[in-house]
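Below: the structure, in structure tokens.
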Amino acid sequence: MIIKMALKELEIRKELYTFILLQLIITFLIAVSFISMMETEYTKYKAFENYLKKEGWYIYGGNILTPDNYVVNAPAMLEGYLASSDILACYTLSGDLQKEEMPIQAKTIVYDQPIIDAYKPDIKEGRWLKNADIGTNTVEAVIASNSYGIGLGDTLTIHEYGAASEDSPVSVEIVGILADDAEYYDISFSDNMINYKNLFASVSKGKQDEPVLLMSREDIINTENGSELLLMQGTVLLTWKEGITDEEKKRNIKYMSEHCFIAQKEELSVVIQKSRKEITGELQKYVPVLACGLLLTVISSLCVGVIVSKQQWKYLAVYNMLGLPWNRCVWIQTVTYIIIEGISLIASILIICILKLFSLTDNMAIGFGAWQFIFCIGISLICAATVIVQSLLVKKVPPYRLWQRE
């Protein structure tokens, strides 16, 4: 009965309720967009937080060698020369990259598997890298848009420097294309080095003459002679194992200083402090906008609700005279508003789905997941609460008083 009469109210005062409906849809879309941006930023921070919380050093460098001047191409190889340490590193290719005998110039970054598992950049075509496929001579790779015309499903080859073209090259299959604004694990520079933001670089928009090419170290070393194609270079997270002594820490740092070109370095304890401060500042940027949008929605919804209620007083009294309990009469408006909120939320989800279906969100931080849904429900509850409070106040007024006012 109440729901039927609430739907009737929607039909009678559709102009006023349409205003509330549109406002709620806009508020939901704004909230979803800002929550998505916050979620994107927090995902970057959270991806490597467990490593940054450990004791050790952040190092960005290259040309890491053994005491015998052999190239370091695996974490275990470097850990063998360090005391009580763990290594999480990036690598570059030590070989020629070709597409059908045409040389390819690319920024190649090869990751240890934990990096691939920890962070997935935005992909516009295909998929992100999987675990290494043991037993094949093919390596999976993800590439950015490029002027070479390399796309999804294409195959490249890697030849060891100085090797003959017929010598068992390693095949590289493109399984994914990075989004035009994707951020991937590497390095970026800022005034406040080093924090979590500096662990990521952005894809340059447009087609690049030297695109970034991302691969898995485990995938490469499982190919024939794959270990000869790698050189540890880029970001290295050097963390201490439990029980390491101060003397061992000093020896480790000395070894890295003597056998590695270091462009940037900082203690992880400092990095995590800067990262926490940075992520707090980033998230706080969005709070005032969300709060203002929510406040505007609540106030305007309440004002429109008061106008509608004033017009509704006469009808509520009539409903009561016709036998509908007064308690149920005053809840008609509340149910009406709850219905509007449900329609607004469904409409917002449909709009986001349509935008995604036509790839209109590729350059927008917008998506709909658990956090976005929870926040939208929170907005709905706050708005509904204002109407419920208003209804409770009206409940205390006798029907004949409302009739006299009219």
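Under 3.5 Å, the side chains of Asp112 and Tyr91 contain a donor-acceptor pair of N or O atoms. No hydrogens or angles considered: nothing links the side chains of Glu266 and Tyr60 as a donor-acceptor pair under 3.5 Å. Checking Asn252 against Glu248 by side-chain atom types alone, no donor-acceptor pair falls below 3.5 Å. No donor-acceptor contact under 3.5 angstrom links the side chains of Glu55 and Ser269, judged on distance only.
Residues Tyr185 and Phe48 bring their aromatic ring centres within 6.0 Å.
Ser85 has its side chain within reach of Leu238: a pair of non-hydrogen atoms, C-beta onward, lies under 4.5 Å apart.
No salt bridge links Glu140 with Lys130; every basic N to acidic carboxylate O contact stays at or beyond 4.0 Å. With respect to Glu247 and Lys250, no salt bridge is recorded, no charged nitrogen being found less than 4.0 Å from a carboxylate O. Residues Lys54 and Asp86 are not paired through a salt bridge, judged by the lack of any N-O separation under 4.0 Å between the basic side chain and the carboxylate.
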Hey, mind stepping through Asp180 and Ser145 against side-chain contact (heavy atoms from CB on, under 4.5 Å) and telling me if it holds? CA-CA 7 Å; Asp180 293 338; Ser145 298; 3.5 Å; yes
For side-chain contact (heavy atoms from CB on, under 4.5 Å), just list the numbers for Leu97 and Leu213, CA-CA rounded to whole Å, side-chain angles, deciding distance to a tenth of an Å, and then say yes or no. CA-CA 11 Å; Leu97 192 64; Leu213 183 69; 3.6 Å; yes
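The local environment of CD in Glu242 is sparse, with at most 12 non-hydrogen atoms from other residues, nucleotides or ligands closer than 6.0 Å. Counting non-hydrogen atoms of neighbouring residues, nucleotides and ligands closer than 6.0 angstrom, the OH atom of Tyr70 reaches no more than 12 such neighbours. By the neighbour-count criterion of 12 heavy atoms within 6.0 Å, atom NZ of Lys277 is sparsely surrounded, having that number or fewer from other residues, nucleotides or ligands.
Between the OG1 atom in Thr138 and the CG atom in Leu156 there is a gap of 11.5 Å [rounded to 0.5 Å].
A cation-pi contact links Lys44 to Phe200, judged by a cut-off of 6.0 Å to the six-membered ring centre and 45° from its axis. Geometric assessment of Lys120 against the ring of Trp128 yields a negative cation-pi assignment under the 6.0 Å and 45° thresholds.
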